[in-house]
J.: 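Below is one structure. I have some questions about it.
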Amino acid sequence: MERESLEMDVVFVGAGPANLSGALHLSRLIANYNAGVESGKREGKSLGEIQIAVIEKGSSVGAHSLSGAVMDPRGLAELLPDFKEQGAPLEAEVKEDFFYYLTKSRAIRSPINPPPLNNHGYYIVSLNRLTAWLGEKCEEAGVNVFPEFPGADLLYDENDRVLGVRTGDKGIDKEGKPKANFEAGVDLLAKVTVLGEGVRGSLTKKLVRRLGLDEGREPQVYSLGVKELWELPDDRYPAGRVTHTLGFPSDQWTYGGGWIYGMQNRVLNIGYVTGLDYRDPLIDPHAEFQKYKTHPFIAKLLDGGKMIRYGAKAIAAGGLHAMPRMYSDGVLIVGDSAGFLNAARLKGIHSAIKSGMLAAETIFEALVAEDYSADKLQAFESRVKESWITPELRRYRNFHAGFRHGRWLGMVNGGLQYITGGRAWGIFDRDHQEAGHEAMQKLSAYGYNGNGSAAPRYKDLRFDKQLTFDKVTDVYHAAVGHDEDQPAHLHVLDTNICATRCAEEYGNPCQRFCPAAVYEMVEVAGAHGVKSEPPTSAGGSSGNPTNRGPQAGSSLGVVDREGADKKPRRQLQINFSNCVHCKTCDIMDPYQIINWVTPEGGGGPDYVGM
Ligand SMILES: Cc1cc2nc3c(=O)[nH]c(=O)nc-3n(C[C@H](O)[C@H](O)[C@H](O)COP(=O)(O)OP(=O)(O)OC[C@H]3O[C@@H](n4cnc5c(N)ncnc54)[C@H](O)[C@@H]3O)c2cc1C
């Protein structure tokens with residue numbers, strides 16, 4: 001296939017805060033340097049016009065940005081010291097901080113806020129709006145910003161030097177054949193490619209494996225944040241108020257907690273984090289959040305309100321010891337893709353911004369020296385070590401690992417670490433943590449019979465569509481859209497396991513850990529065992545090929561096409577058009593056989609105001 005090649009100088013993959021900050025900072029460093037050289041104030045040769053591109057898989061910059069978010073302004077203040085005067089979209093300055101422990105029926109207010117959750121002077125933001133605003137700043141500075149362009153593959157030379165990125169093809173039908181609107185992806189060639197794909201980046205994952213960049217590091221561990229925005233009928237929860245909760249509905253072996261942030265115009269931002277290293281195979285993070293809202297303290301807060309938006313996204317929680325090597329020939333890894341998030345503070349925006357800026361400074365030096373080798377680019381890691389990022393992450397380096405001994409010991413560990421500067425149990429420099437999917441126990445080990453359907457965990461949970469919502473209804477509020485006539489972007493590498501081993505051992509946990517009802521085990525009969533009824537939509541426009549509404553029962557992406565017997569049997573159905581790009585399936589599948597790849601550009605959620 002003929003592909004167009006475009007020569008860029010630097011390509012940033014992913015338009016999140018990390019890469020947008022990196023692109024903006026780099027463009028300014030180059031402009032200042034060139035101006036200095038041209039005016040004779042600086043020695044050296046002008047760099048000329050350097051082409052910087054940012055590509056983003058979402059339909060617009062910010063469409064896939066989902067966060068809490070309370071932002072520590074430290075990073076943004078370094079990037080744009082006058083960010084307020086420049087009109088950064090800030091919802092509110094944090095004025096009140098609360099921390100509660102929830103029992104089943106009571107909310108006990110802690111007299112002190114745990115120090116990592118002290119947010120006074122920080123800002124509540126919509127990451128969607130902040131990212132879109134940063135995208136505008138980049139464009140004003142001359143950066144080429146390309147939404148609807150997913151990075152589908154990295155390009156390498158024979159020595160594994162990264163040469164750039166291949167963007168995804170457009171117009172391929174579900175059988176893999178080109179349609180009338182077919183457009184081949186473009187090879188964007190770059191001296192340096194920067195991966196800022198956010199959590200569990202699909203290109204980052206492949207690069208790390210290919211080059212062994214995680215050698216000697218702890219495995220990355222993750223959580224899943226599930227979030228809704230609510231419109232409240234009155235001023236009961238002011239903008240600028242921050243509440244965090246621990247306890248209900250998590251059990252003591254499940255890492256989890258809730259957040260409630262007050263935004264402008266009586267909008268309440270509420271969500272729940274579940275550690276993706278839970279043991280109980282029947283846990284469903286979306287159901288945990290729905291259950292959270294039934295607590296009397298939360299239900300009262302939401303009473304009379306209206307849910308207006310929904311979203312979910314994974315969080316990289318492993319900390320300093322789980323960060324891969326962040327450079328190689330022609331490539332750098334920044335932001336959540338490298339694991340810069342501080343899990344104890346649930347904050348990553350400030351360090352994502354800073355990591356992007358440090359990458360920019362490293363690339364600027366490489367451009368001046370015309371040297372893009374790993375030797376040159378390793379200065380990025382030195383910069384990270386010398387910046388404020390490393391002391392911050394060092395202080396909480398064993399935070400998440402402590403929770404594998406249960407909630408209470410995890411908290412004791414957290415307290416000891418705070419006093420001892422991050423030592424695990426106050427003694428060890430590094431605590432070991434297993435990959436999250438390895439923590440999931442089998443149904444039998446957890447004491448469940450059969451497929452676990454009799455498990456008591458959610459027996460009282462009802463979706464009343466007032467306070468609590470089923471996944472399909474929630475997904476409708478994420479405004480997800482994917483052209484349905486394209487190959488499924490969720491690749492299950494061995495479908496034979498689904499109806500047999502996985503059903504017996506774990507009760508098909510993909511149906512639960514996915515917060516968007518993408519995975520369904522369905523009963524099928526008929527010639528080829530393929531569910532053949534047309535897609536039905538629970539609120540979206542199913543007649544439109546680009547569906548912006550959730551799917552329940554789509555036949556697209558059905559796997560396991562073998563077998564012509566007429567007996568009903570169960571098989572996996574993948575409703576890929578519901579996917580909110582949270583990456584949980586790629587992370588949490590116990591057999592590690594789900595591979596998330598980028599769908600056609602522009603597909604996915606549209607997180608306006610999230
Ligand atoms: C539920 C939740 C709550 C959080 N709360 C807070 C908080 O209160 N405060 C805080 O500071 N932080 C919080 N965080 C963390 C914070 O959102 C992240 O640390 C931060 O957004 C990381 O920025 P990033 O640029 O690295 O990645 P992201 O913001 O994830 O951006 C990555 C971008 O890359 C795009 N992309 C990915 N792959 C490709 C590809 N192959 N091709 C093209 N584009 C691609 C994505 O669509 C996305 O737009 C929270 C995160 C979550 C999920």
Side-chain angles (χ1 to χ4, degrees), residues 11-22 54-76 94 117 119 122-125 127-128 130-132 134-135 146-154 165-168 188 194-206 222-227 242 244 259 261 269 271-274 285 289 311-317 333-343 345-356 515 580-584 596-599 601-605 607 610:
V11 172
F12 290 84
V13 181
N19 266 352
L20 292 169
S21 306
V54 181
I55 60 166
E56 165 58 44
K57 64 180 164 62
S59 57
S60 60
V61 172
H64 291 184
S65 295
L66 180 117
S67 189
V70 173
M71 178 183 69
D72 176 344
R74 192 172 188 177
L76 190 58
V94 178
L117 293 179
N119 295 298
Y122 296 170
Y123 294 94
I124 297 174
V125 296
L127 188 65
N128 160 265
L130 184 74
T131 309
L134 283 173
F146 300 122
E148 296 203 10
F149 274 85
D153 268 311
L154 286 175
V165 62
R166 174 166 295 168
T167 65
L188 289 173
V194 187
L195 296 178
E197 301 177 279
V199 65
R200 191 78 163 193
S202 47
L203 298 184
T204 310
K205 179 175 113 172
K206 284 205 275 186
Y222 302 87
S223 300
L224 174 62
V226 182
K227 168 178 174 180
V242 164
H244 288 106
W259 81 81
Y261 302 156
N269 162 347
Y272 198 82
V273 171
T274 300
F289 174 48
K313 189 162 176 177
I315 300 166
I333 311 175
V334 297
D336 274 10
S337 288
F340 275 98
L341 181 131
N342 178 337
R345 299 177 70 206
L346 187 58
K347 283 187 183 53
I349 300 172
H350 65 306
S351 48
I353 292 175
K354 180 71 178 173
S355 72
V580 292
H581 298 205
C582 71
K583 310 286 177 72
T584 302
W596 191 100
V597 301
T598 47
Y607 284 142
M610 291 289 266

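Just the heavy atoms: all of them, side chains too, but no hydrogens, waters or symmetry mates, feed the values below. Values in this document were obtained by computation on a predicted structure and should not be read as measured data. Order of appearance sets the numbers: ligands from 1, and atoms from 1 within every ligand.
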J.: Can you list the ligand 1 atoms lying under 4.0 Å from a non-hydrogen atom of Gly198?
T.: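 Heavy-atom distances to Gly198 below 4.0 Å select 27 (O), 28 (P), 30 (O), 32 (C).
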J.: Near Leu341, which atoms of ligand 1 are under 4.0 Å from a heavy atom of that residue?
T.: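 Once the distances to Leu341 are compared, the set is 15 (C), 19 (O).
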J.: Would you indicate which of Gly168, Pro605, Gly348, Ala152 comes nearest to atom 10 (C) of ligand 1 when only heavy atoms are counted?
T.: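 Result: the heavy atom closest to atom 10 (C) of ligand 1 is in Gly348.
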J.: Out of Gly68, Gly16, Ala316, whose heavy atom is nearest to atom 31 (O) of ligand 1?
T.: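 The option holding the nearest heavy atom is Gly16.
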J.: So is Gly58 close enough to ligand 1, meaning a heavy atom under 4.0 angstrom away?
T.: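 Judged by the 4.0 Å heavy-atom criterion, Gly58 does not count as contacting ligand 1.
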J.: I'd like to check which ligand 1 atoms, numbered from 1 as shown, lie under 4.0 Å from a non-hydrogen atom of Gly196.
T.: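 Numbered from 1, ligand 1 contributes 32 (C), 33 (C), 34 (O).
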J.: Distance check, rounded to the nearest 0.5 Å: Thr204 atom OG1 versus Glu197 atom CD?
T.: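 If I round to the nearest 0.5 Å, the distance is 3.5 Å.
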J.: If we only count N/O pairs under 3.5 Å, is Ser65 in contact with ligand 1?
T.: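 In fact, backbone or side chain, Ser65 has no N or O that close.
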J.: Measure the distances from the heavy atoms of Gly201 to every atom of ligand 1 and state whether one is below 4.0 angstrom.
T.: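 In this structure, Gly201 fails to qualify as a contact of ligand 1 - no heavy atom is under 4.0 Å.
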J.: Is there a heavy atom of Ala15 sitting under 4.0 angstrom from any atom of ligand 1?
T.: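 It does, in that a heavy atom of Ala15 comes within the 4.0 Å cut-off of ligand 1.
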J.: Do Lys57 and ligand 1 have an N or O pair less than 3.5 Å apart?
T.: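 Yes; the residue has a nitrogen or oxygen that sits under 3.5 Å from a nitrogen or oxygen of the ligand.
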J.: Would you mind listing which atoms of ligand 1 come within a distance below 4.0 Å of any non-hydrogen atom of Pro150?
T.: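 Near Pro150, meaning under 4.0 Å from one of its heavy atoms, ligand 1 has 42 (N), 43 (C).
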J.: Any idea which atoms of ligand 1 are less than 4.0 Å away from a heavy-atom of Lys347?
T.: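 Listed by number with element, the hits are 9 (N), 10 (C), 11 (O), 12 (N).
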J.: For Glu56, state whether at least one heavy atom is located under 4.0 Å from any atom of ligand 1.
T.: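 It does; at least one heavy atom falls under 4.0 Å.
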J.: Should you measure from each heavy atom of Phe149, which atoms of ligand 1 turn up under 4.0 Å away?
T.: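 So the atoms of ligand 1 that pass are 43 (C).
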J.: If you count the atoms of ligand 1 from 1 in the order shown, which ones are under 4.0 Å from a heavy atom of Ala314?
T.: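 Numbered from 1, ligand 1 contributes 53 (C).
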J.: Would you compute the distance between atom CG of Asp153 and atom OG of Ser202 and round it to the nearest 0.5 angstrom?
T.: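 These two atoms lie 9.0 Å from each other.
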J.: Distance under 4.0 Å to a non-hydrogen atom of Gly225: what atoms of ligand 1 satisfy this?
T.: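 Under 4.0 Å from Gly225, ligand 1 has these atoms: 1 (C).
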J.: Do you know the tightest heavy-atom contact between Gly196 and Val334?
T.: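 Where Gly196 meets Val334 most closely, the heavy atoms are CA-CG2, 3.7 Å.
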J.: Only heavy atoms count here, so choose which of Leu130, Ile353, Thr598, Leu346 is nearest to atom 6 (C) of ligand 1.
T.: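 Checking each option, the heavy atom nearest atom 6 (C) of ligand 1 is found in Leu346.
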J.: Can you tell if the side chain of Met610 reaches within under 4.5 Å of the side chain of Ser65, non-hydrogen atoms only?
T.: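 No, too far: nothing below the 4.5 Å cut-off.
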J.: Any heavy atom of Trp259 sitting closer than 4.0 Å to ligand 1?
T.: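 It does; at least one heavy atom falls under 4.0 Å.
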